[in-house]
Amino acid sequence: MPRQILVTSALPYANGSIHLGHLVEYIQTDIWARFQRMRGHSCIYCCADDTHGTPIMLRAEKEGITPEALIERVWHEHKRDFDGFHIAFDNYHSTHTPETRHYADTIYTRLRDAGLIEVRAVEQFFDPVKQMFLPDRFVKGECPRCHARDQYGDSCEVCGAAYLPTELIDPYSAVSGAAPVRKESDHYFFRLSDPRCVEFLRTWIVPPQVQAEAANKLNEWLEGGLADWDISRDAPYFGFEIPDAPGKYYYVWLDAPIGYLGSFRNHCDRHGLDFDAYWKPDSGAEVYHFIGKDILYFHALFWPAELHHSGFRTPTGVFCHGFLTVNGAKMSKSRGTFITAESYLRHLNPEWLRYYYAAKLNGSMEDIDLNLEDFAARVNSDLVGKYVNIASRCAGFISKRFNGRISGEELPKLDPSPYIAQQSQEEMQRKMEAARKTPSGPGFIAHAKGYIVQPQFDETDIVGWSQARGVEIAQAYEDRNFALALRLIMELADIANRYIAERKPWEMARQEDRDSELHEVCSVALTLFRNLTVYLKPVLPVLAEQVESFLNVAPLTWADVLSPLPPGHAINEYQHLMTRIDPRKIEAMVEENRRNLAPAPTPEPAPARHAEHQQHVAQTDEAKVPESRHIGIDDFTRVDLRVARIANAEHVEGADKLLKLTLDLGTETRTVFAGIKVAYDPASLVGRLTVMVANLAPRKMKFGMSEGMILAASDDQGRPFLLAPDSGARPGMRIR
RNA sequence: GGUGAUGUAGCUCAGACGGUUAGAGCGGCGGAUUCAUAACCCGCAGGUCGGCAGUUCGAUUCUGCCCAUCACCA
């Protein structure tokens with residue numbers, strides 16, 4: 001019976017680019033989802049951009065655009081990157097949507113009615129200039145323990161001390177620089193410490209809902225005592241206002257996981273699916289969240305407790321993975337190993353990375369390392385040297401000698417044992433037993449329930465042997481032990497290559513009377529190649545499509561290995577399926593990332609904690625960056641230059657250099673103070689077109705807020721010469 | 001600081017519920033081959049399984065301590 005599965009990956013924050021660290025999770029989830037679909041199950045993969053919170057609000061303000069415009073732009077960037085890596089979401093949505101608001105309100109209201117929401121006064125730092133409460137990460141000051149300067153409000157990066165923002169010495173706002181004042185305000189708390197929550201979680205945080213190693217960690221937190229969770233933030237805040245609490249907004253971390261519901265609901269509405277069938281408490285559907293170990297707390301404590309007490313089912317499983325290191329160290333901008341998805345795609349094939357990550361992922365919470373040398377060696381050897389090579393070395397005979405048709409005879413049974421290297425079948429068996437003993441997730445439970453049918457295969461036949469391995473490979477995929485799956489698959493590729501070497505088809509080709517033998521060998525080898533393609537398809541979907549076209553077969557599913565290619569089946573001309581990685585391309589990519597460092601003249605306030613998901617970059621990196629004569633195109637495109645029409649220009653009372661300009665950008669108008677009074681008469685400027693920096697952070701000047709800057713050349717005396725676009729340009733046009 | 005995880009050949013990783021000569025792939029070296037975008041096949045070398053101590057007839061596998069790396073501390 002097909003399973004009904006819903007999977008999610010953590011929501012990337014709409015405040016930064018997707019990089020190779022993020023991709024571990026999306027690739028892992030995508031492989032698992034594709035595997036399930038190939039098995040004939042329904043597996044819906046939903047995700048969304050996480051769009052709320054102070055960092056988004058401030059960044060939009062800094063860029064001079066609305067938060068809505070910012071998250072819209074970032075959504076497209078994220079989607080483009082995911083598409084580039086063949087992440088096959090069924091829905092990629094946003095948390096800033098009516099669906100997410102609906103479920104946030106539903107969950108909040110039900111928790112409130114259950115008596116699990118409590119209002120408490122909280123004293124917090126308040127920025128008197130910006131008129132806003134400051135998140136911990138937006139307060140800086142001197143560490144109370146080691147007295148390091150400019151440390152964040154929650155912990156010291158020098159000595160590692162954790163403290164409250166109010167403990168900082170000489171605190172200042174990272175937003176305005178002003179000294180913050182203490183101010184009290186009502187906050188809404190989810191009462192996680194309520195016995196109902198604690199009792200529920202005690203029974204919930206055990207395998208198979210979470211991995212055994214995660215259960216240890218969670219228990220540690222649980223036994224340490226759970227604190228209530230502050231789920232509200234005061235205006236100004238970009239998010240959803242709490243229905244019965246004007247001026248209070250849901251904390252971004254409340255609506256982030258709810259975004260899973262929102263995205264899925266949106267998918268259901270568009271495809272006529274029944275949302276409740278998946279999310280009602282007694283649902284028979286399976287729900288899995290793939291997450292990084294940094295957000296385990298949210299997904300395995302807050303989230304199930306919220307769901308359970310608001311009338312929803314809880315996840316079938318939370319699958320936690322580790323972080324990515326590159327060449328054994330944290331990703332680093334100065335080493336060029338902070339590699340964005342977009343930059344990777346400019347240089348390298350996404351399936352190479354999918355394969356390498358898969359070869360490292362084993363379903364545990366351990367970190368995985370992207371060793372760039374090993375990456376090239378592994379991909380070149382496994383995929384090009386072993387796997388693709390099988391097709392490459394047989395296809396020529398089939399097309400030249402047999403008119404592109406495989407053998408018309410039924411394939412004979414062939415003893416595989418001569419080709420199974422030293423590794424005896426018993427040893428293989430032992431490995432399988434060991435794999436079975438590893439702490440298995442829900443997939444294993446599903447397996448025990450009989451979802452996975454295990455047909456018996458004839459292992460004394462080489463094709464049957466490849467089918468039999470498919471059972472073990474499927475189990476490995478199910479358990480998210482992709483590393484084991486790929487080891488088994490490559491073992492099979494080795495056997496196919498040894499088989500060809502042993503039978504020596506090239507010798508047969510020289511002898512007149514051995515045509516049928518030659519035909520048989522190539523047909524067997526191509527059948528094995530077809531099976532390998534089935535097994536690799538979750539990891540290499542695009543390559544598999546090329547193979548389907550080469551072999552002239554319908555899209556491959558897992559069940560296809562059960563039947564050989566039909567006798568006499570016609571295949572197409574072989575075209576090389578994958579090229580080797582040229583290490584110079586990797587070097588070029590790293591070099592580009594090294595050079596494209598943002599100069600970061602003004603240190604930006606660090607994003608709030610949740611926004612750091614997967615952004616584990618070596619600290620103190622930027623400071624060491626050598627100045628470069630060149631900037632990358634990325635640096636340039638960060639500057640949003642626009643054509644602007646000077647709608648009005650006037651003198652400023654009391655200013656001896658400034659003119660106050662009103663600039664028309666087509667969709668909006670801006671006020672800009674420009675130091676051009678010495679050269680221009682206001683009246684002569686009105687109606688002119690010029691060029692402005694549209695995303696310059698607004699700056700408070702003596703005479704008012706300046707929301708951008710216009711461009712001008714200047715001579716030795718500082719006399720300005722305003723730039724103007726060619727005739728025909730219209731206000732708002734982007735300059736690049 | 002507390003807690004947890006990890007530490008196995010040059011590299012990336014398996015594995016051992018304690019027990020004969022500790023494994024693979026890659027890399028290196030030698031050979032064979034030429035069907036294959038030099039891939040593939042055969043063979044060789046390479047590790048006192050992080051360190052110290054304990055339990056045991058016996059530990060790399062269990063226990064304790066130490067060192068290193070990583071993470072978490074709401």
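So you know, we letter chains A, B, ... as the sequences are listed, proteins then strands, and number each from 1.
Nearest nucleotide to the A:Lys330 side chain, out of B:rU34, B:rA71, B:rU12: B:rA71. Distance from the side chain of A:Lys217 is smallest for B:rC72 among the nucleotides B:rU12, B:rG25, B:rC72. Listed nucleotides B:rG25, B:rA74, B:rU12 differ in distance to A:Tyr356; the shortest reach to its side chain belongs to B:rU12. Ranking B:rA5, B:rU37, B:rU12 by closeness to the A:His576 side chain, first place goes to B:rU37. With B:rA39, B:rC70, B:rU34 as the choices, the nucleotide that has an atom nearest any side-chain atom of A:Asn389 turns out to be B:rA39. Out of B:rC72, B:rC13, B:rC40, the shortest distance to the side chain of A:Asp369 is found at B:rC13. Considering only the side chain of A:Ser381, B:rC26 comes nearest among B:rU34, B:rC26, B:rC70. With B:rC72, B:rA39, B:rG25 as the choices, the nucleotide that has an atom nearest any side-chain atom of A:Asp374 turns out to be B:rG25. Here the nucleotide nearest the side chain of A:Glu366, chosen from B:rC11, B:rU6, B:rU37, is B:rU6. Which of B:rC40, B:rC72, B:rA14 sits closest to the side chain of A:Ala501 comes down to B:rC40.
Note on A:Ile390: nothing from the nucleic acid sits closer than 4.0 angstrom, heavy atoms only. No engagement by A:Gly396 is indicated, since no non-hydrogen atom pair under 4.0 Å with the nucleic acid exists. Within the 4.0 angstrom heavy-atom criterion, base atoms lie near A:Ala227. Within the nucleic acid shown, A:Asn216 has no heavy atom closer than 4.0 Å to any nucleic acid atom. The residue A:Lys360 sits close only to the backbone: its heavy atoms come under 4.0 Å of sugar-phosphate atoms, none of a base.
Look at the C1' atom in both B:rG23 and B:rA16: the space between them is 11 Å, to the nearest Å. Of the P atoms belonging to B:rA59 and B:rC52, the separation is 14 Å, rounded to the nearest Å. B:rC26 and B:rG46: their C1' atoms are spaced 14 Å apart (whole Å). Taking atom P in both B:rA14 and B:rC67, the straight-line distance is 26 Å, to the nearest Å. Spacing between B:rG47 and B:rG10 at atom C1', rounded to whole Å, works out to 11 Å. When the P atom is compared between B:rC44 and B:rG25, the two are found 12 Å apart, to the nearest whole Å. Remark: the separation of the C1' atoms in B:rG15 and B:rC41 is 27 Å, to the nearest Å. Comparing B:rG43 with B:rC62, their P atoms are spaced 33 Å from each other, to the whole Å.
Using bins of under 30°, 30° to 60° and over 60° for the plane-to-plane angle, the ring pair A:His22/A:His19 lands in the tilted bin. In this structure, A:Phe482 and A:Tyr477 have tilted ring planes: the angle between them lies in the 30° to 60° band. A:Trp32 and A:Phe319 have perpendicular rings, their planes meeting at more than 60° on a 0 to 90° scale where under 30° would count as parallel. Ring planes of A:Phe529 and A:Tyr387: parallel class, angle under 30° (limits at 30 and 60°).
At whole-Å resolution of the value, CE in A:Met490 and C1' in B:rG25 are 11 Å apart. Protein atom CZ of A:Phe189 is 12 Å distant from nucleotide atom C1' of B:rA74, rounded to whole Å. The separation between A:Trp221 atom CH2 and B:rG4 atom C1' is 10 Å, rounded to whole Å. Distance CD1 (A:Ile500) to P (B:rA39): 17 Å, rounded to an integer number of Å. Remark: P of B:rA74 and CZ of A:Arg137 are 12 Å apart, rounded to the nearest angstrom. Whole-Å rounding puts the A:Glu213 CD to B:rU3 P distance at 19 Å. Per the geometry, CZ belonging to A:Phe397 stands 9 Å off C1' belonging to B:rA36, to the nearest Å. Between the P atom of B:rU6 and the CD atom of A:Gln211 lies a distance of 13 Å, rounded to the nearest Å.
Listed pair A:Asn362 / B:rA14 meets the phosphate criterion, a side-chain N or O lying under 4.0 Å from OP1 or OP2. Residue A:Arg503 places no side-chain N or O under 4.0 Å from the OP1 or OP2 atom of B:rC35. For B:rA39, the OP1/OP2 oxygens have a side-chain nitrogen or oxygen of A:Arg580 closer than 4.0 Å.
Residue-to-nucleotide proximity on RNA chain B shows that, of A:Trp229 and A:Glu507, the 5′-proximal contact is made by A:Glu507. Two residues, A:Arg510 and A:Leu226, neighbour RNA chain B, and the one matched to the more 5' nucleotide by heavy-atom proximity is A:Arg510.
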Report, one line per pair, each donor and acceptor closer than 3.5 Å where one atom sits in a side chain of residues 116-123 of chain A; sequence neighbours left out.
from: A:Glu118; atom 1: OE1; to: A:Arg191; atom 2: NE; distance (Å): 3.4
from: A:Glu118; atom 1: OE2; to: A:Arg120; atom 2: NE; distance (Å): 2.9
from: A:Glu118; atom 1: OE2; to: A:Arg120; atom 2: NH2; distance (Å): 3.3
from: A:Arg120; atom 1: NH2; to: A:Asp228; atom 2: OD2; distance (Å): 2.4
from: A:Glu123; atom 1: OE1; to: A:Arg182; atom 2: NH1; distance (Å): 3.1

Can you give the donor-acceptor pairs under 3.5 Å from side chains of residues 499-506 of chain A to other protein atoms, not counting sequence neighbours?
none

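Between the A:Tyr249 side chain and the A:Gly53 main chain, no donor and acceptor come within less than 3.5 Å of each other. Formation of a donor-acceptor pair under 3.5 Å by the A:Arg405 side chain with backbone atoms of A:Ile398 is not found in this model. Remark: side-chain polar atoms of A:Lys360 are paired, donor with acceptor, to backbone N or O of A:Asp369 under 3.5 angstrom.
B:rG31: glycosidic angle beyond 90° from 0, hence anti.
With no hydrogens or angles considered, a side-chain donor-acceptor pair links A:His289 and A:Trp303 at under 3.5 Å.
With the 3.5 Å cutoff on both pairing distances, Watson-Crick and G-U pairs in RNA chain B assemble into runs of at least 3 at B:1-7 with B:67-73, B:10-13 with B:23-26, B:28-31 with B:41-44, B:50-54 with B:62-66.
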